[in-house]
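Residue numbers begin at 1 in each chain, while the letters A, B, ... track the order of the sequences. Source: prediction; values computed, not measured.
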Number of protein chains: 2
Amino acid sequence: MTLDEILPDLRRQSADVRHAETGLWAASMLRERISAGQLAPGAKLSEEPLCEVLGVSRNTLREAFATLARERVVTRIPNRGVFVTRPTADDIREIYRVRRFLEPAALAWSIEPKTDALHAAIARARVARRAGSVPGMASANQDFHAAIVALTGSERLTQQMTQVLAEMRLVFHSMEDDPLFHAPYIDDNAVILDTFEAGERAAAAALLVDYLHGAEQQLLAAHARA
Amino acid sequence: MTLDEILPDLRRQSADVRHAETGLWAASMLRERISAGQLAPGAKLSEEPLCEVLGVSRNTLREAFATLARERVVTRIPNRGVFVTRPTADDIREIYRVRRFLEPAALAWSIEPKTDALHAAIARARVARRAGSVPGMASANQDFHAAIVALTGSERLTQQMTQVLAEMRLVFHSMEDDPLFHAPYIDDNAVILDTFEAGERAAAAALLVDYLHGAEQQLLAAHARA
DNA sequence: ACCACCCGATTGTTCAACAATATTTAGAAA
DNA sequence: TTTCTAAATATTGTTGAACAATCGGGTGGT
């Protein structure tokens with residue numbers, strides 16, 4: 001998917017922007033498209049046409065770029081331009097390194113955990129599986145893992161997890177989707193949640209670590225193939 | 001400490017800046033001053049004088065502001081300006097929430113840990129204590145805890161810890177320093193490191209959690225007084 | 001085929017202006 | 001005098017155009 005194809009689509013939404021947040025608005029606009037895969041990893045984000053389409057000046061667009069670069073959604077190469085980040089194998093390893101600390105820690109040590117969001121995510125994933133919706137399963141699965149970290153009650157940790165999951169989406173986009181990738185993990189999630197609610201936190205954390213190791217291996221293999 | 005007093009000092013360093021990274025340079029310039037306490041929490045960072053002094057345009061300065069705002073070093077109030085962040089009691093709680101997950105997890109679960117940096121930090125802290133240097137103790141103590149998270153081998157987690165420690169410095173600056181605050185923690189650090197190297201990771205993590213709870217309470221009390 | 005070099009295109013940065021919003025000042029009313 | 005309202009002022013938000021710096025590709029020579 002190249003840039004030009006989505007320009008008209010973007011232009012449609014550039015109507016009502018308020019003062020004092022144009023840069024953030026532009027950033028969220030681009031973030032959406034990238035997250036949805038309409039702007040694929042590796043795609044170049046040229047300033048000129050994007051300004052034109054978003055209806056913002058180059059200066060404002062660059063503020064948006066700075067935001068996205070800090071989120072690692074976009075990679076800036078000096079004097080070359082900004083590109084949708086194309087995750088490397090090392091990125092995948094690093095992502096799972098982070099997840100293997102954040103998620104088990106949340107399961108093991110969070111105070112007064114509310115598991116509603118976790119149950120809801122699993123339910124949504126099952127609906128999506130029955131409907132055969134790969135994006136639905138992917139999204140629900142991500143919600144589940146975000147909810148795990150949200151158990152910590154920490155805004156900053158949750159935010160970091162959200163960011164890492166956004167990077168995960170880039171990983172998925174940068175290789176052809178195996179339609180069966182997400183399906184088996186749904187039941188694993190359910191088992192982890194059961195174990196957790198049975199009060200066996202350490203066991204739940206250990207299960208999750210295995211789970212994450214498995215997923216990492218699978219993704220690394222797929223990445224090597226691509 | 002007001003803005004004007006450090007302007008001449010800042011101007012001195014604004015000589016050799018390269019193309020394609022002026023924004024980041026300006027950000028690091030300000031970050032330094034804030035971290036050193038020369039720009040105290042609550043201080044207003046006006047665009048006009050800062051541009052003048054750093055020798056950059058308002059646009060570039062605003063890119064720097066965006067960077068610092070994302071690091072929470074600086075708080076942006078729309079149409080009002082940017083201010084050095086003044087941490088609240090809730091911020092303190094959140095900071096320790098993050099630390100109580102990140103640091104114990106690193107102790108408990110990191111692979112092939114290299115403890116050289118930890119020993120070095122403790123040694124530096126002891127030298128500083130003998131010299132009666134409060135900033136020296138504070139800095140060495142922060143290095144110790146940064147090194148704990150660095151055990152994870154994760155760039156992102158280490159970066160988040162660095163950021164949280166930068167927020168800690170703001171906390172210290174926003175209340176009068178108790179010269180004895182850091183001293184007792186040095187030996188606690190040593191005990192934790194010994195326990196860790198004895199292979200008793202869970203015990204070391206537990207000690208650290210207690211330690212962090214204690215420090216949080218102490219800071220919250222001091223914050224309430226101020 | 002290989003290399004140095006120039007040219008065009010794009011990014012990096014500045015400047016000056018205007019729009020939008022806050023703050024301050026001044027004046028009117030009580 | 002005090003208080004409230006409203007215009008004047010200052011500061012931030014955003015734009016557009018200009019120029020400098022850098023990169024990539026093409027050109028020509030060997």
Side-chain angles (χ1 to χ4, degrees), chain A residues 2-4 7 10-11 13-31 34 39 42-70 72-86, chain B residues 2-4 7 10-11 13-30 34 39 42-70 73-86:
Chain A
T2 148
L3 190 56
D4 312 298
L7 294 194
L10 259 181
R11 173 167 319 194
Q13 295 189 37
S14 57
D16 55 341
V17 204
R18 299 199 293 304
H19 193 63
E21 44 188 81
T22 318
L24 281 88
W25 171 84
S28 72
M29 228 64 222
L30 291 172
R31 191 167 26 228
I34 293 170
L39 288 166
K44 170 159 193 185
L45 271 33
S46 299
E47 298 188 347
E48 190 83 44
L50 271 181
C51 290
E52 155 66 15
V53 158
L54 290 170
V56 303
S57 74
R58 273 182 68 211
N59 285 314
T60 313
L61 179 65
R62 292 176 118 264
E63 240 188 80
F65 280 166
T67 302
L68 296 174
R70 189 153 259 288
R72 311 180 104 106
V73 170
V74 126
T75 302
R76 193 167 218 156
I77 306 179
N79 296 310
R80 293 276 312 278
V82 327
F83 304 81
V84 179
T85 300
R86 190 203 303 275
Chain B
T2 148
L3 190 57
D4 312 297
L7 293 195
L10 259 181
R11 181 179 316 232
Q13 297 189 35
S14 57
D16 54 341
V17 203
R18 302 200 291 303
H19 193 64
E21 43 190 81
T22 318
L24 280 86
W25 172 84
S28 73
M29 229 62 221
L30 292 172
I34 293 170
L39 288 167
K44 171 160 191 184
L45 270 34
S46 298
E47 298 188 346
E48 188 88 43
L50 270 181
C51 290
E52 154 68 15
V53 158
L54 290 170
V56 303
S57 74
R58 276 182 65 212
N59 284 315
T60 310
L61 180 64
R62 292 175 118 265
E63 239 188 82
F65 280 164
T67 302
L68 296 174
R70 187 154 260 286
V73 170
V74 126
T75 303
R76 192 167 219 157
I77 305 179
N79 296 311
R80 293 276 312 277
V82 327
F83 305 81
V84 180
T85 301
R86 190 202 303 277

Can you tell me the distance, in whole Å, between the [atom1] atom of [X] and the [atom2] atom of [N]?
{"X": "Glu21(B)", "N": "dT13(C)", "atom1": "CD", "atom2": "C1'", "answer": "13 Å"}
{"X": "Trp25(B)", "N": "dT13(C)", "atom1": "CH2", "atom2": "P", "answer": "11 Å"}
{"X": "Leu50(B)", "N": "dT12(D)", "atom1": "CG", "atom2": "P", "answer": "10 Å"}
{"X": "Ile77(B)", "N": "dT11(D)", "atom1": "CD1", "atom2": "C1'", "answer": "14 Å"}
{"X": "Leu24(A)", "N": "dG13(D)", "atom1": "CG", "atom2": "C1'", "answer": "12 Å"}
{"X": "Glu48(A)", "N": "dG12(C)", "atom1": "CD", "atom2": "P", "answer": "14 Å"}
{"X": "Phe83(A)", "N": "dC23(D)", "atom1": "CZ", "atom2": "P", "answer": "13 Å"}
{"X": "Glu47(A)", "N": "dT15(D)", "atom1": "CD", "atom2": "P", "answer": "14 Å"}

Output yes when at least one side-chain N/O atom of [X] is less than 4.0 Å from OP1 or OP2 of [N], else no.
{"X": "Lys44(B)", "N": "dA10(D)", "value": "no"}
{"X": "Arg80(A)", "N": "dG24(D)", "value": "yes"}
{"X": "Thr22(A)", "N": "dT14(D)", "value": "yes"}

Which atoms of nucleotides 6-8 of chain C (N or O only) lie under 3.5 Å from a protein N or O atom, and what are those distances?
none

Got a sec, which residues hit side chain to side chain donor-acceptor pair (under 3.5 Å) with Thr75(B), two or more places apart in sequence or on another chain?
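Side chain to side chain donor-acceptor pair (under 3.5 Å) check on Thr75(B) returns Thr85(B).
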
Using the side chain to side chain donor-acceptor pair (under 3.5 Å) criterion, which residues pair with Ser28(B)? Sequence neighbours excluded.
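In terms of side chain to side chain donor-acceptor pair (under 3.5 Å), with neighbours along the sequence ignored, Ser28(B) is linked to no residue.
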
Can you list everything that forms a salt bridge (Lys or Arg N to Asp or Glu O under 4.0 Å) with [X]? Sequence neighbours excluded, please.
{"X": "Arg86(B)", "result": "none"}
{"X": "Arg58(A)", "result": "Glu47(A)"}
{"X": "Arg70(A)", "result": "Glu71(B)"}

Considering only heavy atoms, which members of residues 57-67 of chain A lie under 4.0 Å from some atom of DNA chain C?
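Residues of residues 57-67 of chain A that come under 4.0 Å of DNA chain C are, in numerical order, Arg58(A), Asn59(A), Arg62(A).
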
Is there side-chain contact between Arg62(B) and Arg62(A), with heavy atoms separated by less than 4.5 Å?
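No, side chains not in contact.
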
Is Leu50(A) close to Leu30(A) at the side-chain level, that is, under 4.5 Å between some pair of heavy atoms?
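In contact.
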
If I take atom CG from residue Leu61(A) and atom CD from residue Glu52(A), how far apart are they, to the nearest 0.5 angstrom?
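Here the rounded value is 12.0 Å.
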
Between dG13(D), dG12(C), dT11(C), which nucleotide gets closest to the side-chain atoms of Arg76(A)?
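Among the listed nucleotides, the one closest to the side chain of Arg76(A) is dG12(C).
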
Please name all residues satisfying side-chain contact (heavy atoms from CB on, under 4.5 Å) with Ala64(B), sequence neighbours left out, ordered by chain then number.
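Checked Ala64(B) against side-chain contact (heavy atoms from CB on, under 4.5 Å); matches are Ala26(B), Ala27(B).
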
